[in-house]
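Before any comments, here is the structure.
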Protein chains: 2
Amino acid sequence: MDIDDLRTRILAGERRALARAITLVESGRADHRADALRLLESLKGHGREALRVGLSGTPGVGKSTFIEAFGLMLTAQGLKVAVLAVDPSSARSGGSILGDKTRMERLSRDKGAFIRPSPSQSQLGGVARRTREAIDLCEAAGFDVVLIETVGVGQSETMVAEMSDLFLLLLAPAGGDELQGVKRGIMEMADILLVNKADGELKRQAIRTCADYAGALRLLRKRPQDPEGFPKALPVSALEEEGLQKAWDEMTALADWRRAEGHFAARRAAQARFWFEAEVRDRLLARLAREPLKGAMKTMAGQVENGEISPSAAAEELLRTHLMLE
Amino acid sequence: MDIDDLRTRILAGERRALARAITLVESGRADHRADALRLLESLKGHGREALRVGLSGTPGVGKSTFIEAFGLMLTAQGLKVAVLAVDPSSARSGGSILGDKTRMERLSRDKGAFIRPSPSQSQLGGVARRTREAIDLCEAAGFDVVLIETVGVGQSETMVAEMSDLFLLLLAPAGGDELQGVKRGIMEMADILLVNKADGELKRQAIRTCADYAGALRLLRKRPQDPEGFPKALPVSALEEEGLQKAWDEMTALADWRRAEGHFAARRAAQARFWFEAEVRDRLLARLAREPLKGAMKTMAGQVENGEISPSAAAEELLRTHLMLE
């Protein structure tokens, strides 16, 4: 593969080159992996900085409608918008609920937008690495905004928040004063809560829900990376395209403040550390499933099953003999 | 520490020696750890086999009352009963809800019984190893039945099921025909479901709930380690001490069948393998937090934060340089 050519075309913002590069980083083949690493290395130092926006919301909250309306608003302002999806459910089912471009038909035809469905991977760890690399590629290709979309399932929200400059939660209007069981941990990760469907019959309810969330947010411990008034809860209507500019203004204001205060770079640095440590753990464990450790594990497991050696002693022996640890 | 003396006294069934040995295996000190391993090694080949019974049930289901009534019934039959507790909540809070011997006052005064509260450990992995070792010690001390109790929280049920010959779920009578949201995975681990509180006003409801569970169990895939009719759902009343003998008869019948068919030994072998593999993973990851890897991780994380090297490349480099992997 001509990596130099691919590099040049990505830096020129060529959509097809970007799509091909993402396919490359998603591949599990060893030679593709080597090419992908060469490509990523060669793209370093491009000096471009996209705003990476993580967005989570449960199915039914109007995520696709929101992304389409929000994305079209941004492209109309001349911004280039990439949309990546992280869908943990597709890992198991094989079929991705987020994979369908027809979900965001208008945005997918927009020349300022690039939509990439979720890779169907079996491991969340693998999805994380590939998504991070896809973000880097989009950034190199000159996209101004990279939206990383996920559903609120398991660890995927934490994962997306750990690759975003800003993390948004899209919520539906709640009945009465009950907040929708948003987990405290998720709430604490969010920079902006958007209560969607602030239109028609639900408008009042959405505004009330917004006030409830705003109250809940005030109870949280203030984070150093937030200026006065953040995190915020805002009503939006993806359907009527209301509140989207206001949401974008708040996002850029927050990003600008964080850049000025050094929090923006600090967050990216902390994220890089987080992913480094996660990769060390993942790769270390992955080695257990590969030779020569795989064979050694199997032999020793046989002795453990026969009662020749205890699980603890066997584990210690394995690490000492095969990894020269302790 | 005089390990030989401790060994002799444990084999003689001395309760104080057993308690001291469990304290030893629970200790985090390196010299205690070495003593503990020597002791466990020296106890091998005692030829005794306890019936290890895992028991899970959410708070309020009457677990303590059940264990006390059930334990007293067994000791009255001349059996020696040990009760160990695994309480994941105590790891965080420090205070163990299961630690209080006054919970089972009569049983704790019984000479045929030995009750040990949950160790307050910070890691479930550590709790697992210590509990497995405590089970081994109880078995060596000649206990006929080792009850391992846990609350239905997180991974603790799987952990206890993986150290038990039989795994029981204690449940409360459910309203209507709704089963109490018992997770399918937990249901599939259970050998016998016991619906408690089959007394007074709740008796009818308990019997109905039992029938509902029996129906649900019939829908599960038949497991090779089960004779006809298992897993089973039975009503019990810990309060009125009803159904306990029947439950014990079913337990021993199941254990006898499994022994005769080879499933009993096969399960213990598979469990030993499971714990061996878990220990390898745990210990491998634990090394990352210790020198020399800890220092190497820190240095490299600094370079990752500065953007000198990507998280993936840094992880690969670390494993290659410091663990000689790949």
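Annotation: side chain of A/R129 is not in contact with side chain of B/P311 (no heavy-atom distance under 4.5 Å). Side-chain atoms of A/F276 and B/Q303, non-hydrogen and from C-beta on, never get closer than 4.5 Å to each other.
Pairs of residues two or more places apart, or lying in two chains, that qualify as salt bridge (Lys or Arg N to Asp or Glu O under 4.0 Å) and include a residue from residues 296-313 of chain B are A/R273-B/E305.
Using a 4.5 Å cut-off between heavy atoms, A/I309 touches chain B through its backbone atoms (N, CA, C, O) alone. With a 4.5 Å cut-off on non-hydrogen atoms, B/R132 touches chain A through its side chain but not through its backbone. Interface remark: A/E133 contributes side-chain atoms only to the contact with chain B (heavy atom separation under 4.5 Å).
When the shell of 6.0 Å around CZ of A/R20 is examined, it contains 12 or fewer heavy atoms from other residues, nucleotides or ligands.
Each of B/M300, B/E41, B/R268 has some count of heavy-atom pairs under 4.5 Å with chain A, and the biggest count is that of B/M300. Among the candidates A/A313, A/A301, A/S312, the residue making the largest number of heavy-atom pairs closer than 4.5 Å to chain B is A/S312.
Note that the CD atom of B/E279 and the CG atom of A/L319 stand 9.5 Å from one another [nearest 0.5 Å]. Interatomic distance, OG of A/S310 versus NZ of B/K44, reported as 5.5 Å (0.5 Å rounding).
For A/R281, the side-chain contact (heavy atoms from CB on, under 4.5 Å) partners two or more places apart in sequence, or in a different chain, are A/E277, A/A278, B/L285, B/L288.
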